[in-house]
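For reference, the structure discussed in these notes is given below.
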Amino acid sequence: MACTGPSMTEPALCLDRLSVAYRTGGRDRAVLREVSFTIARGEAYGLVGESGCGKSTVALTAVRYLPRNGSITGGSVMLDGTDVMRLGPEALRQLRANRVSMVYQDPGKALNPSLTVGRQLAEVFEVVGVRPAEREVRALEMLKKVRIADPGSVMRRYPHQLSGGMQQRVAIAMALANEPTMLILDEPTTGLDATVEAEVLDLITDLRRELGTSILFISHNLAVVAKMCDRVGVLYAGMLVEEGLTRETLGSPRHPYTVALLRCLPQGGQRKDHARLDTIPGFLPSPGAPMPGCPFAERCALADGRCRTEIPELGDAHGRLVRCHYPDRAADLPRSSPADVAPARPASEAAPVLRVSNLSKTYSQGGHPIRAVADVSLSLLPGETLGLVGESGSGKTTLARMLLGLVQPDPGGTIELDGKPLAAGLGQRCDEEVKAVQIVFQNPDSALNRSHAVARIIGRALRRLGGFRGADLSRRLDALVEAVRLTPQHLALRPSQLSGGLKQRVAIARSFAGDPRVVVCDEPTSALDVSVQAAILNLLAELQAKRDVSYVFISHDLGVVRYLSDRIAVLYLGRIMEMGPSERVFEGPNHPYTEALLSAVPNLDESQDSRIRLSGEIPSAANPPSGCVFQNRCPRKLGAICETLEPPLTEMEPGHIFRCHIPAEDLERLQRRRKACAQIVGSSPEKARRYELAR
Amino acid sequence: MTNVANAEPSSRRQDVVAALFQSGSFLTGMTLVLFWVVCALFGGHLVPYDPLTEDILNALGPPSARHWFGTDQLGRDILSRVIVGSRDLLIVAPLATILATAVGTVLGLFIGYFRGVIDDVVSRLIEAKMALPSVIVALLAIVALGTSETTVIIVIGLSFGPVIARTVRSAVLSERELDYVAAAKLRRENAIHIMFVEILPNILPPILVESSVRLGYAIFAVATLSFIGFGLQPPSPDWGLSIATNYSMISGGYWWTVLFDALAIASLVVGVNLTADGLHGALND
C-alpha cells in the first residue's frame, strides 16, 4: 500500500500507514492507527464511522491542519503526488490554495458573516492569483455552476440572508473556485433538511461529473455515502476495518462492525411491532486506550481469544480489505439484543387520550404576524405513536410545545386530555395534568442540568411528579434507572461524564418519573450515533409496550419515524398536509409534498425511486404563498385553483386525510406510474425523468 | 450499556484546577495576593520595628541599612508600616466585594429570569448608576452616613453590586433558554427554585470571574477613600492614609515616604487582576 508508483497513475490522495495522536492531559492518545487508503483521480471515496472514530482527523491531516495538540506519529500523506508532510510553509499554502479544498458541516460557521458572498468568493480568486478585474466575473460563473438561480443578487448578500442550503452551495462554490484535484467534504449535508440535502447531493454528483474532481466524503450517514461514493472505508477506533466497493461493502459487509452498524438502522419498513432493532453493546474504546487485540473485540459477539490478543491485519477477503481474523463469519454475527417483541395489541377502541382541535400559534415579528402553526387538529390514542414530520420551520416543535403548555396557543383552539379540556398555559394546569404530558428533548446537553448529578435529576422528578418520599423514592429511583438500562454507578455522575446515549436515557427516565400519559419526543435521537440511536428507539418502544404511554414523535429521519409511529402527520408551514396510518403514508398514495419528502431521502435499499426535486426555498411563515401553501414548489400543481384556494383536508380513505386539490384517484394513478417507470428504467433518475416526460 | 468506561476520566473541576496551575498569570497573581495576606495576618510578628513607635530624631531618614524603606516625618519605620498596612484594606475590600456579589447575583437572577418591565426599569437604573463615578457617590454617602469601616463596606458593596448584576443578567439570559429550565417548569418548580437551584450553579464561573475583577476595583476604591480622608484615621498605617499624610513631602525630595505605599497598593491590585485573568482563562477553556 505504499504511495509510490509510476507517475502516470498518481492517485489524488494516498494515506500510507498514517498515525495521529492528540496530546491531552499530558499524554499522547492515538486517534488514528496506521490508516492507509488511496483515492484515484476522479474517484469518490466515502469514509464512514461513528463519532470519535477519527473521520475528521483524517480530513484535517490530509491538509496538515491538525489542532495544536495533534501530531503525526507515523506514516505519510501524498496529495496529488506531493508528500504533504515534507512541505515548507509556502509550499503548503500553495497546496491548500490550489489543489485541495474542504467543505465543512456547518456552512453558517464556514462563511464570514461580515463579508458579502461576492467579496468572499473574490477572495478565493485573489489567493489563486486571478487578476482583480476578472474576479467578479469568475465569482458569478462559480455561483451559476452551483445552480444558484440569481447569482447577481446572491453576490451582494451576506451569509445570514441565505438559507442553509444556499449557504452550503456558496461554500461548495468557494471550495471549487480553485479547481482543486481533491475535494474533502466533511458531513456536508448533516445539518440540512432532507429535501435540501437531496439537492446538495445532486449538485455534488453533477459537479463531479463536470469537473472530474476526486472526493473524500466523510459522513456518519451510510445511505448518503451509498448514494455518493464509488468506494467506502469503514473507520473504527482510528483503524480502517473494512474497505471496498460501496455497493458490495454495504450490501454484504464482511467485518462484524460494519454488519452490526447496518443492522442498527431501521430498514425496509421495519416497525416496532415487527422486531426490535439490533444494537452494538458497549462503547467505542476511548482515544489512546491500549489495544492488545482487535479494536472491536470487546463489542463483537464473534470474538474469541485470538481476537483479544492479536490485532488482525487489513487483509484481502474476496476482493475487499477486511481487518478481521474471521471475515467469513461476519454474516452469522448473532444479534446482541433479542429481536422478539410482544405481539401487537389489537387496535385500541379506547377514547383518545389527547385531542387537539383548531390549534394555531401566531408570533409577531416586527409587527408582522407569523403563523407558526395554523389550524391543527389531531388526536392520539392510548399507547399510540403519532409521528410528526416536516422540514425545519414547519411548526413541529411549536406544536409540541403548545401540547406541553410551554407555548401559549392563539385563542380559539382547544386541547383535551382524556376528554377534559386542558388549560393552555402550564401555570393553569393542575399537577395531574402537568405530569400527564412530558417531553424528551432533542439535545440532552441542554435538557439536563450540567451541575446536577444523575440521581438528583431523576430523583427530583420522582419527588415532584411522582410525589415519592424517603425509602419509597429510592426504591422508585432504582426501578426507573433499571427500566432505562442505566446502572446504579451512573447515579453519582454528572451529565458531562456520560456519553450522548446515556444522557438521553437519563432524560427519558426523567420524563417517565410521573407515569405520563403522553410523552413528546422531540428529535430524541438526532444527536446520536446509529448504534446508540437503535438502543434508544428500542427503549422507547419497550417503555411504550409496558406502560401504554402515547408518543408524539418528532423527527426529520423518516426511517426512524416509520419504525416507531402508528400514525404520521406531515406538516408544512404549520399546516397538516397529510395524516394517516404510518403504512398508508409511506406506501401512498401521498400528498405531493409527502411524495417529495419520501423520495428525497437516500435509501440503502437499492430500489431507488425516481427522484422528485422540490425547486426553491421553503417560503417564510411570515409571507406564505396564496391558496395552497405548497403551490410554489409543488411538482404536481394543477393550475390557478392551487394559487387561489387553500384545499380543505379531505379523507382519501378511512383515517387517511390530506390537503390537496388533486383527487385521490388521480394522485394514486400518477404516483403508481412514477414508481413503475422508475422500476423499468432502473435506478437512473435522469432516465426516469425523461421517460416520464415522454409519456 | 452497563459500563462507565466511556465516562470522561476527569471531572470539570479537576480540569479547571489543572488549568489554573498551568496558568502563569494565575500563579503570579496568587503569589502577590498571598504575600499580602500573609503580611496582613502575621505582619505584627514579621516587622523589624513597631510601626507606630515614633522616633523624631530619625525623622525623614532615606532608605538605609537600618531602615530599608526609610522613615516618615515622625521617624516611624516605613517598611514596618507597609507590611502591616494591608490589614484593614484586606478586610474591608473583600467584604465589600462579597456584599456586591451577593446583591448583584440576586438582582441579576431576578431581572434576567423574569425579564419584562422590571428588567427594563432596573437595567436603565443600573446604566444610570454606572454613569456616575463610584468614588464620588461613595464620598457623598459616607458624608451622609458618617465615617466607619461598615459604611465603607456597604457603600462600596452597593455601588459595585449593579455592575455584577449586569454580568449575572446576561449569563441568566442564555441559561434560561436551555431546555433544563423548561424541564423544571414541567415539574412545576417555582421561580425561586429554578433561579437558585437550577440556574445559579451553572453561572458560578462568570460570577467568580466578575467578583475577582471587582475585588481589584474595591481595593483601589478603599485606598482612594482612605487617601481623601474618608476611610481609616491616623495613626493607622493604612497605605492610602500614609500616602495622604506624606504626599506633600514629595516636593521636598522625600520620595520614599510615598513610593513604597503606592507600590504596595499597585502590587496588590495587579495581583488580584492577574488572578482574575487566570481564573477567566481557566474557566472559559
Side-chain angles (χ1 to χ4, degrees), chain A residues 24-26 52 279 281-286 289 298 401 404-406 426-427 429-431 434-435 437-439 441-452 456-457 460-461 463-465 485-487 489-490 493-499 501-502 505 507 510-511 513-514 522 532 535 539, chain B residues 1-22 105 109 113-116 171-208 282-285:
Chain A
T24 49
T279 58
F283 296 101
L284 191 72
S286 53
E298 288 305 313
R401 289 191 171 233
L404 291 159
L406 291 171
L426 195 58
R429 295 187 185 177
C430 72
D431 284 354
V434 169
K435 75 185 206 191
V437 190
Q438 288 290 319
I439 181 169
F441 290 102
Q442 173 174 11
N443 179 359
D445 289 318
S446 160
L448 302 179
N449 193 327
R450 56 194 184 278
S451 26
H452 291 178
R456 185 165 177 189
I457 292 170
R460 183 79 193 172
R463 178 187 285 265
R464 298 287 305 175
L465 296 173
R485 304 281 154 74
L486 289 167
T487 63
Q489 294 118 280
H490 293 124
L493 300 176
R494 290 180 191 223
S496 63
Q497 294 166 295
L498 301 175
S499 65
L502 293 178
R505 283 167 194 272
R510 179 175 65 187
S511 67
D522 188 358
V532 184
L539 175 65
Chain B
M1 288 265 164
T2 50
N3 67 43
V4 204
N6 214 31
E8 285 171 26
S10 60
S11 76
R12 162 121 178 100
R13 191 165 301 169
Q14 285 165 325
D15 290 346
V16 168
V17 172
L20 281 178
F21 279 94
Q22 282 169 13
T105 302
L109 273 170
Y113 182 69
F114 287 110
R115 305 288 313 273
V172 173
L173 286 186
S174 53
E175 277 310 301
R176 74 196 284 277
E177 300 304 323
L178 295 182
D179 290 333
Y180 73 82
V181 174
K185 288 179 184 161
L186 286 169
R187 294 198 300 269
R188 314 211 79 182
E189 303 284 9
N190 61 34
I192 298 288
H193 175 95
I194 294 178
M195 281 188 280
F196 288 91
V197 182
E198 300 283 340
I199 294 178
L200 182 58
N202 293 316
I203 57 169
L204 284 179
I207 295 179
L208 192 61
L283 291 171
N284 286 293
D285 265 349

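Every chain is numbered from 1, with letters handed out A, B, ... down the list of sequences. Side chains included, hydrogens not; waters and symmetry mates left out as well; all remaining heavy atoms used.
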(request) Indicate yes or no for a side-chain donor-acceptor contact from B:Glu177 to the backbone of B:Ser174 under 3.5 Å, with no hydrogens or angles considered. (result) no
(message) Between A:Arg505 and A:Leu486 (side chain of the first, backbone of the second, donor and acceptor by atom type, cut-off under 3.5 Å), is there such a pair?
(response) no
(request) Identify the heavy atoms of A:Leu426 and A:Leu404 that sit nearest to each other, and give their distance. (result) CD1-O, 3.4 Å
(request) Could you have a look at B:Leu204, B:Ile199, B:Leu186 and say which one has the most heavy-atom pairs with chain A under 4.5 angstrom? (result) B:Leu186
(request) Verify salt bridge (charged side-chain N to carboxylate O under 4.0 Å, His left out) between B:Lys185 and B:Glu198, making sure each step is shown before the conclusion. (result) CA-CA 11 Å; B:Lys185 288 179 184 161; B:Glu198 300 283 340; over 6 Å; no
(message) Would you say that A:Phe441 contacts A:Ser446 through its side chain, given a criterion of any heavy-atom pair below 4.5 Å between the two side chains?
(response) no
(message) If we define contacts as heavy-atom pairs under 4.5 Å, which of A:Asp431, A:Asp445, A:Ile457 has the most with chain B?
(response) A:Asp431
(request) Just give me the residue among A:Arg460, A:His452, A:Lys435 that pairs up with chain B most often, heavy atom to heavy atom, under 4.5 Å. (result) A:Arg460
(request) With a 4.5 angstrom heavy-atom cut-off, could you sort out which part of B:Glu189 is near chain A: side chain, backbone, both or neither? (result)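 B:Glu189 touches chain A through backbone and side-chain heavy atoms alike.
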(request) Side chain from CB out, backbone as N, CA, C, O: work out which of these in B:Val197 comes under 4.5 Å of a heavy atom of chain A, or both, or neither. (result)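 Contact with chain A: backbone and side chain both.
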